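Being a predicted model, the structure only gives us computed values, none of them experimental.
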Amino acid sequence: QEWKNTFATWDPQDFCNISQIILPTNTYWSPPIFILERVNGQNSNLDYMVIMHNGSFNSTQPFQVTLTCSLMILKFPFDTQTCNLSIASFLHPAVTDLVMKTRRTPAEMMKSSQSYFLTDGEWKFTNLSIIEYIEQIDDGQFSVVTYVISMERRPTLYILNLILPTCALYLLDMAVLFGPSSLEEKISFQIAIILGSSMLAVILNNILPTSSNKPPVIGTH
């Protein structure tokens, strides 16, 4: 966070050329902001801020946070999800007191985020966009900054462990059904295929996300 306080300025030449100082965060006023989608998180103990001689304040508060997101898993495992991270302050109206702006462009944020995001996990970080707007609540207008994060699921594991075995079972079912085998052999093969399909259905039920209004196509077939 960066902001300016015109009452906290000094001339470095009058104070041994000291152009900046580090003070606890509660020494001066700081913007009270929070994340709308936040469920829980772990704050850091870095409760300090840097004050420049021209009244510029700089506060860095790294913390890990868990957010809530709406999932659309209709195309699972070939789905792309978007998650919003909205930063707001509903204590100070945007018209008179507090207006939030982003310092870096979405392209710069995208490049910086890719350097921190794990590239060998289940999700692939694809895009980041920033929306700045004014939220109307009752009789007040408040500044909100929303980061829209897009992630694409890597489907390789699901293809190898789910889709390919399912297709193999269906092909085997067709081969046995139209094959020259006797009726007893066909019944035995069909029972084995049904058991295999049941096991795949149990695996599918365990790995499918459940937080969506529409079930995935692969789960309904």
Of all heavy-atom pairs linking Met49 and Pro24, the shortest is CE-O, 3.7 Å

So Ile51 and Trp10, side chain to side chain contact (heavy atoms under 4.5 Å, CB included) or not? Walk me through it.
CA-CA 11 Å; Ile51 306 175; Trp10 71 90; 4.1 Å; yes

At what distance, to the nearest 0.5 angstrom, does CG of Leu128 lie from CE of Met151?
11.0 Å

Separation between CG (Asp79) and CZ (Arg153), nearest 0.5 Å, reads 4.0 Å

If you define the side chain from C-beta out and look only at heavy atoms, does anything of Ile21 sit under 4.5 Å from Phe15?
no

Report the C-alpha distance between Phe125 and Met110 in whole Å, list the side-chain angles of each, state the deciding distance to 0.1 Å, and finish with yes or no for side chain to side chain contact (heavy atoms under 4.5 Å, CB included).
CA-CA 9 Å; Phe125 184 48; Met110 177 75 178; 3.7 Å; yes

Does Gln64 have more than 12 heavy atoms from other residues, nucleotides or ligands lying within 6.0 Å of its CD?
no

Would you mind reporting whether Gln1 and Ser30 have side-chain heavy atoms less than 4.5 Å apart?
no

Can you list everything that forms a salt bridge (Lys or Arg N to Asp or Glu O under 4.0 Å) with Glu135? Sequence neighbours excluded, please.
none

Tell me if a side-chain donor or acceptor on Trp3 pairs with a main-chain N or O of Asn58 at a distance below 3.5 Å.
no

Tell me, with the steps shown, if Gln136 and Gln141 meet side chain to side chain contact (heavy atoms under 4.5 Å, CB included).
CA-CA 5 Å; Gln136 180 75 35; Gln141 294 181 345; 2.9 Å; yes

Smallest separation among heavy atoms of Pro77 and Pro155, with atom names:
O-CB, 3.4 Å

How many angstroms lie between atom CE of Met52 and atom NZ of Lys4, to the nearest 0.5 angstrom?
10.0 Å

Is it true that Val148 and Leu36 fall in one hydrophobic cluster, defined by side-chain heavy atoms closer than 4.5 Å?
yes

If I take atom CG from residue Leu67 and atom CG from residue Asn40, how far apart are they, to the nearest 0.5 angstrom?
9.5 Å

Which residues pass the ring pair (Phe, Tyr, Trp, His ring centres under 6.0 Å) test with Tyr48, not counting sequence neighbours?
none

Joint hydrophobic cluster, Val145 plus Val65, side-chain heavy atoms closer than 4.5 Å
yes

Would you please name every residue forming a salt bridge (Lys or Arg N to Asp or Glu O under 4.0 Å) with Glu108, sequence neighbours left out?
none

Are Val50 and Leu23 connected in a single hydrophobic cluster, I mean Ile/Leu/Val/Met/Phe/Trp/Tyr linked by side-chain heavy atoms less than 4.5 Å apart?
no

Flag, side chain of Ser143 to backbone of Met100, donor-acceptor distance under 3.5 Å:
yes

Is it the case that one hydrophobic cluster holds both Tyr147 and Trp123, taking links as side-chain heavy atoms less than 4.5 Å apart, direct or via other members?
yes

Please step through side chain to side chain contact (heavy atoms under 4.5 Å, CB included) for the pair Thr68 and Arg38, ending with a clear verdict.
CA-CA 7 Å; Thr68 57; Arg38 177 174 178 172; over 6 Å; no

Can you pull out every ring-ring contact (aromatic ring centres under 6.0 Å, His included) where at least one residue sits in residues 148-167? Sequence neighbours excluded, please.
Phe76-Tyr158

Suppose the criterion is side chain to side chain donor-acceptor pair (under 3.5 Å): which pairs have a residue in residues 16-25, not counting sequence neighbours?
none

Residues 82-92, side-chain donor-acceptor partners within the protein, below 3.5 Å, at least two apart:
{"from": "Ser86", "atom 1": "OG", "to": "Glu37", "atom 2": "OE2", "distance (Å)": "2.9"}
{"from": "Ser86", "atom 1": "OG", "to": "Thr146", "atom 2": "OG1", "distance (Å)": "3.0"}
{"from": "Ser89", "atom 1": "OG", "to": "Pro32", "atom 2": "O", "distance (Å)": "2.6"}

Can you tell me how far the CG atom of Leu71 sits from the CD atom of Gln81, to the nearest 0.5 Å?
4.5 Å

Distance-only polar pair, side chains of Thr102 and Glu132, donor-acceptor under 3.5 Å
yes

To the nearest 0.5 Å, what is the distance between CH2 on Trp29 and CG on Asn5?
8.5 Å

hydrophobic_cluster_shared for Phe78 and Leu160, side chain cutoff 4.5 Å
yes

